[in-house]
Protein chains: 2
Amino acid sequence: MARTQGSHSDITGPRIRSAALKLFAQQGYAAVSVRQIAKEVGVQAGALYNYIPDKQSLLLSLMEGHMREVLAAWEALEKPDDAMGLLESFVRFHIRFHMQRSDEVFIAYMELRNLSDENFATIEALRRAYEDALETVLKQGVEAGQFTLPDTKIATLAVIAMLNGVMTWYRSGGRLSLDEVETVYWDMVRKSVTT
Amino acid sequence: MARTQGSHSDITGPRIRSAALKLFAQQGYAAVSVRQIAKEVGVQAGALYNYIPDKQSLLLSLMEGHMREVLAAWEALEKPDDAMGLLESFVRFHIRFHMQRSDEVFIAYMELRNLSDENFATIEALRRAYEDALETVLKQGVEAGQFTLPDTKIATLAVIAMLNGVMTWYRSGGRLSLDEVETVYWDMVRKSVTT
DNA sequence: AGGCTAACTGAACATTCGTTCAGAAAAAAG
DNA sequence: CTTTTTTCTGAACGAATGTTCAGTTAGCCT
């Protein structure tokens, strides 16, 4: 046997990516074998190499794709222009967007150490760009006298870390709706940056 | 050759644990081989099995040991009895303690998925106990009218996530001293839980 | 109908993995 | 000094790893 029924590049390619995404998030990059990914797709291990140069490139591609999507989504969002409204937009956007892609987020934050130095630098630059988006908002608020912060850089990291925490515990169908969670977090963030 | 000069169970045991700790934190449990740990200790791979039943037990032991130490250290701490003072104590304790053991923390939060179901439950229970310590403080503050929180459970998780964020970026010798960092975070936490 | 090519199989490759164990040597006990 | 015990070596085990590739077939084109 060789080429199987209904096989198609357009289909197999994305399926490899989504299978890898799910498995990497579940078990970690190093713990997932190429054969495991192939099995999930329903194909032999060797077939993957028609789509990826090697395992590490697959990881990089997943991470880089995710980071670029986050940035693009934030850029594309319609935003108010006062700092307070911007910050609320960011908080709600971050929680909503990241909750919809918890696997991608998990990988992007956990598998950095499995990247080569060069690839690491690539991803790190993208993450910094996203952090800068928030810091810009905070700086604007400080200048306008709306926020009181001794250090916008630390505040940026603190807020993002806090928001990322949602993904470690929130499960849809739980006690609170996603909208309620957004509001609770926005409340805490707002208070933490104002006087 | 067999037993080498100066070999001693009392020495090799801890050295295995600390080598494993360092390597697991650096590269992840799944990516570190038993032979790598052995090399770091300066011993052959087989020798490790005089000290551990298997690789997984080593991971569990490291995680469990850490969690118990955190809990014990918090219990042993001398604390004020008003909620505000307690919360400040917790924030400063958490940052200081966890910064001194960043490897342990990293492992305890990242390698949960490499644990068997039973072992996972053990660690999860210990983590919950620590979270409860903070939630108790928050509840006390809410009852006393000092804190304003719609949901102490979420607030607990949000605060811990925020504090844990320090470890992803703080490096000693940087722009701020650990004490200053503590103060900045305490400021944000205090404001986020009060009106 | 027949040929072409894209898509996949299945076997093989050298390495590495976690783990076991008989035996050797150092340290402790007598 | 001799014996016992503790601690480690070195080789071996089968299984699994990432990756390559010649061969086979399904779907498209003419």
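In the text below, chain A, chain B and the rest are named by the order of the sequence lines, each starting its count at 1.
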Minimum-distance nucleotide (side-chain atoms of B:N50 versus C:dC8, D:dC8, D:dT19):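 Nearest listed nucleotide: D:dC8.
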Selected nucleotide, minimal atom distance to B:S33 side chain, candidates C:dC8, C:dG18, D:dG18: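 My answer, after comparing the listed nucleotides, is C:dG18.
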Counting only N and O atoms by type, is there a donor-acceptor contact under 3.5 Å from the side chain of [X] to the main-chain atoms of [Y]?
| X | Y | result |
| --- | --- | --- |
| A:K191 | B:T194 | yes |
| B:H66 | B:L62 | no |
| B:Y29 | A:A31 | no |
| A:S61 | A:S57 | no |
| A:R127 | A:A108 | yes |

Send over the distance from [X] [atom1] to [N] [atom2], rounded to a whole Å.
| X | N | atom1 | atom2 | value |
| --- | --- | --- | --- | --- |
| A:I52 | D:dT19 | CD1 | C1' | 10 Å |
| B:Y49 | D:dC13 | OH | P | 18 Å |
| B:D54 | C:dC17 | CG | P | 17 Å |
| B:I11 | D:dT6 | CD1 | P | 17 Å |
| A:Y51 | D:dG18 | OH | P | 19 Å |
| A:Q56 | D:dG18 | CD | P | 13 Å |
| A:L48 | C:dA7 | CG | C1' | 13 Å |
| A:Q44 | C:dA6 | CD | P | 22 Å |

Touch class at under 4.0 angstrom, heavy-atom based, for B:V32 against every strand present: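 Since only primed, P, OP1 and OP2 atoms lie under 4.0 Å of B:V32, the category is sugar-phosphate.
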Ion pair A:E40/A:K22, N-O distance below 4.0 Å: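 Yes.
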pair B:V193-B:T148: side-chain heavy atoms closer than 4.5 Å: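 Not touching, per the 4.5 Å side-chain cut-off.
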Of A:A45 and A:R35, the one whose closest DNA chain C nucleotide lies more 5':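 It is A:A45 whose nearest nucleotide is closer to the 5' end.
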Terminal axis angle for the helix from C:dA1-D:dT30 to C:dC17-D:dG14, five pairs an end, nearest 10 degrees: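 Computed from the C1' atoms at both ends, the axes differ by 30°.
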Greater than 12 external heavy atoms within 6.0 Å of B:K79's NZ: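 Above 12, so yes.
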Terminal axis angle for the helix from C:dT19-D:dA12 to C:dG30-D:dC1, five pairs an end, nearest 10 degrees: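 So the angle between the two local helix axes works out to 10°.
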Distance test, side-chain N/O of B:T12 to OP1/OP2 of D:dT7, below 4.0 Å: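 Checking D:dT7 against B:T12, no side-chain N or O comes under 4.0 Å of OP1 or OP2.
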5′-ward residue of the pair B:A47/A:Q36 relative to DNA chain D: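 It is B:A47, whose closest nucleotide lies nearer the 5' terminus.
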A:Y130 ring center near A:W74 ring center (under 6.0 Å):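 No - the distance between ring centres of A:Y130 and A:W74 does not fall below the 6.0 Å cut-off.
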